[in-house]
K.L.:
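Let me give you the structure first, and then I'll get to my questions.
Below, chains carry the letters A, B, ... as their sequence lines are ordered, and counting in each starts from 1.
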There are 2 protein chains.
Amino acid sequence: MRPDEAALLEKHGIKPSAQRVAVAEFVLHTDAHPSADEVWSRVRERFPMVSRATVYNTLNLFVEKGLIRQLTLTGGRVVFDPNVEKHHHFIDEETGRIYDVPWEALRVSRVDDIDGFEVHAYQVVLRGKKRSRRRRT
Amino acid sequence: MRPDEAALLEKHGIKPSAQRVAVAEFVLHTDAHPSADEVWSRVRERFPMVSRATVYNTLNLFVEKGLIRQLTLTGGRVVFDPNVEKHHHFIDEETGRIYDVPWEALRVSRVDDIDGFEVHAYQVVLRGKKRSRRRRT
DNA sequence: TCTATCTTTAGACTTAGTCTAAGTAAATGC
DNA sequence: GCATTTACTTAGACTAAGTCTAAAGATAGA
């Protein structure tokens with residue numbers, strides 16, 4: 001149980017149990033946009049007795065306390081994202097993988113101007129193919 | 001079995017059975033963004049012996065043939081939209097209802113310019129509160 | 001009409017997620 | 001330090017959404 005993770009949880013008003021810290025250690029440091037069951041199986045590698053209900057409860061608690069966000073972008077899949085700053089998402093149509101796109105990469109105009117709607121938040125969801133970079137996978 | 005629906009299905013390469021036409025008659029003329037089970041229960045009102053598998057198969061077939069689109073915008077809910085033209089979506093955070101937003105209502109800049117991604121399609125997903133209009137509900 | 005193909009059906013199965021009741025652990029009062 | 005309350009976790013039952021399967025029914029062509 002890493003002290004830094006425990007402190008972070010406390011800062012968000014969450015009592016840091018061993019299970020919660022184990023979930024935090026994985027879900028706060030991934031950019032893979034895992035589903036709840038993916039988080040569960042990763043946490044179980046190091047913590048085999050953790051129950052599914054605990055992982056689901058913990059993830060929902062983290063969302064409620066603003067540590068992570070829940071996304072549903074494609075195919076009814078619910079995934080979690082530790083990036084809670086404003087950003088957009090790109091979905092690779094071949095692999096289904098989700099990538100974060102920086103907020104500044106796009107500009108959306110006239111958002112406040114839509115007749116009959118009071119917009120609190122928005123994001124652009126892009127779909128396409130990820131280009132293979134030269135040096136990295 | 002309305003002849004116009006049957007003709008539309010055939011135009012899209014779909015053999016128009018009674019069940020398929022019944023699904024089409026509902027799902028092609030709604031802006032309520034229904035889930036598959038909602039479509040099933042609506043179709044059953046007029047066609048009580050239709051099976052769930054048929055409705056699911058039919059909806060997937062319609063998606064594949066480009067008659068409707070499948071959306072997953074919120075809470076892991078999969079819904080269907082007969083509007084296959086480019087458009088954006090607004091989600092009422094209080095009711096969960098989804099509204100179509102015309103493509104021209106917003107402009108997104110620099111979409112083709114994102115490093116490492118080849119964008120085939122995109123949409124803006126907006127969240128907020130629907131203002132109550134004066135005269136209509 | 002016979003046969004091959006396509007479609008539909010009911011129900012079994014799977015997967016994601018929630019709920020419940022019992023057990024543990026941690027915090028509080030004294 | 002011990003008892004009591006409160007919070008957390010557990011296993012497993014349950015539910016909802018969706019897929020699969022095997023059999024039956026409908027359709028079209030020879």
K.L.:
OP1 or OP2 of D:dC8 versus the side-chain N and O atoms of A:Ser17: is any pair under 4.0 Å?
P.N.:
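For D:dC8, OP1/OP2 do not have a side-chain N/O of A:Ser17 under 4.0 Å.
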K.L.:
At under 4.0 Å, does any side-chain N or O of B:Arg20 touch on OP1 or OP2 of C:dT8?
P.N.:
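Yes, because at least one side-chain N or O of B:Arg20 sits under 4.0 Å from OP1 or OP2 of C:dT8.
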K.L.:
Taking CZ from B:Phe62 and C1' from C:dT7, how many angstroms apart are they, rounded to a whole number?
P.N.:
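So the CZ-C1' distance, B:Phe62 to C:dT7, works out to 13 Å.
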K.L.:
Share the residues that join A:Leu71 in a hydrophobic cluster, the rule being Ile, Leu, Val, Met, Phe, Trp or Tyr side chains under 4.5 Å apart at the heavy-atom level.
P.N.:
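Listed partners: A:Leu73, A:Val79, A:Ile91, A:Ile98, A:Val125, B:Leu71, B:Leu73, B:Val79, B:Ile91, B:Ile98, B:Val125.
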K.L.:
OP1 or OP2 of C:dT9 versus the side-chain N and O atoms of B:Gln19: is any pair under 4.0 Å?
P.N.:
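Answer is yes, contact under 4.0 Å.
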K.L.:
So, is B:Tyr56 near the phosphate of D:dT19, with a side-chain N or O under 4.0 Å from OP1 or OP2?
P.N.:
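Indeed not, no polar side-chain atom of B:Tyr56 lies that close.
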K.L.:
How are the rings of A:Trp103 and A:Tyr122 set relative to one another: parallel (under 30°), tilted (30 to 60°) or perpendicular (over 60°)?
P.N.:
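It falls in the tilted class, 30° to 60°.
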K.L.:
When the distance from CD1 of A:Ile14 to P of D:dA7 is rounded to whole Å, what number comes out?
P.N.:
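Computing the A:Ile14:CD1 to D:dA7:P distance gives 15 Å.
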K.L.:
Is the B:Phe90 ring parallel, tilted or perpendicular to the A:Phe117 ring (thresholds 30°, 60°)?
P.N.:
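Correct class here is tilted.
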K.L.:
Take atom CZ of A:Arg77 and atom P of D:dG18, then tell me their distance rounded to the nearest Å.
P.N.:
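Computing the A:Arg77:CZ to D:dG18:P distance gives 15 Å.
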K.L.:
Would you kindly compare A:Arg52 and A:Thr58 by the position of their nearest DNA chain D nucleotide and give the one closer to the 5′ end?
P.N.:
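The answer here is A:Thr58.
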K.L.:
Are there more than 12 heavy atoms of other residues, nucleotides or ligands under 6.0 Å from atom CG of B:Asn60?
P.N.:
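Result for CG/B:Asn60: enclosed.
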K.L.:
Would one find a side-chain N or O of B:Asn57 under 4.0 angstrom from OP1 or OP2 of D:dC20?
P.N.:
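B:Asn57 to D:dC20 OP1/OP2: no side-chain N or O under 4.0 Å.
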K.L.:
Please report the distance, rounded to the nearest Å, between CE in B:Met49 and P in C:dT8.
P.N.:
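Taking CE of B:Met49 and P of C:dT8, I get 13 Å after rounding.
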K.L.:
Among C:dC19, C:dT9, C:dG17, which nucleotide sits nearest the side chain of A:Ala53?
P.N.:
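Per side-chain heavy atoms of A:Ala53, the pick is C:dC19.
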K.L.:
Rounded to whole Å, please give me the gap between CG in B:Leu59 and P in C:dT8.
P.N.:
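The distance from CG of B:Leu59 to P of C:dT8 comes to 12 Å, rounded to the nearest Å.
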K.L.:
For a side chain to side chain donor-acceptor pair (under 3.5 Å) with A:Gln123, tell me which candidate from A:His87, A:His89, A:Lys86, A:His88 qualifies.
P.N.:
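Result for side chain to side chain donor-acceptor pair (under 3.5 Å) with A:Gln123: A:His89.
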K.L.:
Would you mind telling me which of C:dT18, C:dT9, D:dA11 lies closest to the side-chain atoms of A:Ser51?
P.N.:
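Nearest to the side-chain atoms of A:Ser51, counting from C-beta on, is D:dA11.
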K.L.:
Using atom CH2 of A:Trp40 as one end and atom P of C:dT15 as the other, report the distance to the nearest whole Å.
P.N.:
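Between P of C:dT15 and CH2 of A:Trp40: 12 Å.
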K.L.:
Start at the 5' end of DNA chain C and walk down; is the nucleotide closest to B:Thr54 or to B:Lys15 reached first?
P.N.:
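So the residue in question is B:Lys15.
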K.L.:
Could you tell me the separation between the CG atom of B:Leu9 and the P atom of C:dC6, rounded to a whole number of Å?
P.N.:
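To the nearest whole Å, that distance equals 18 Å.
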K.L.:
Report the distance from atom CD of B:Glu64 to atom P of D:dT19, rounded to the nearest whole Å.
P.N.:
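Whole-Å distance recorded here is 13 Å.
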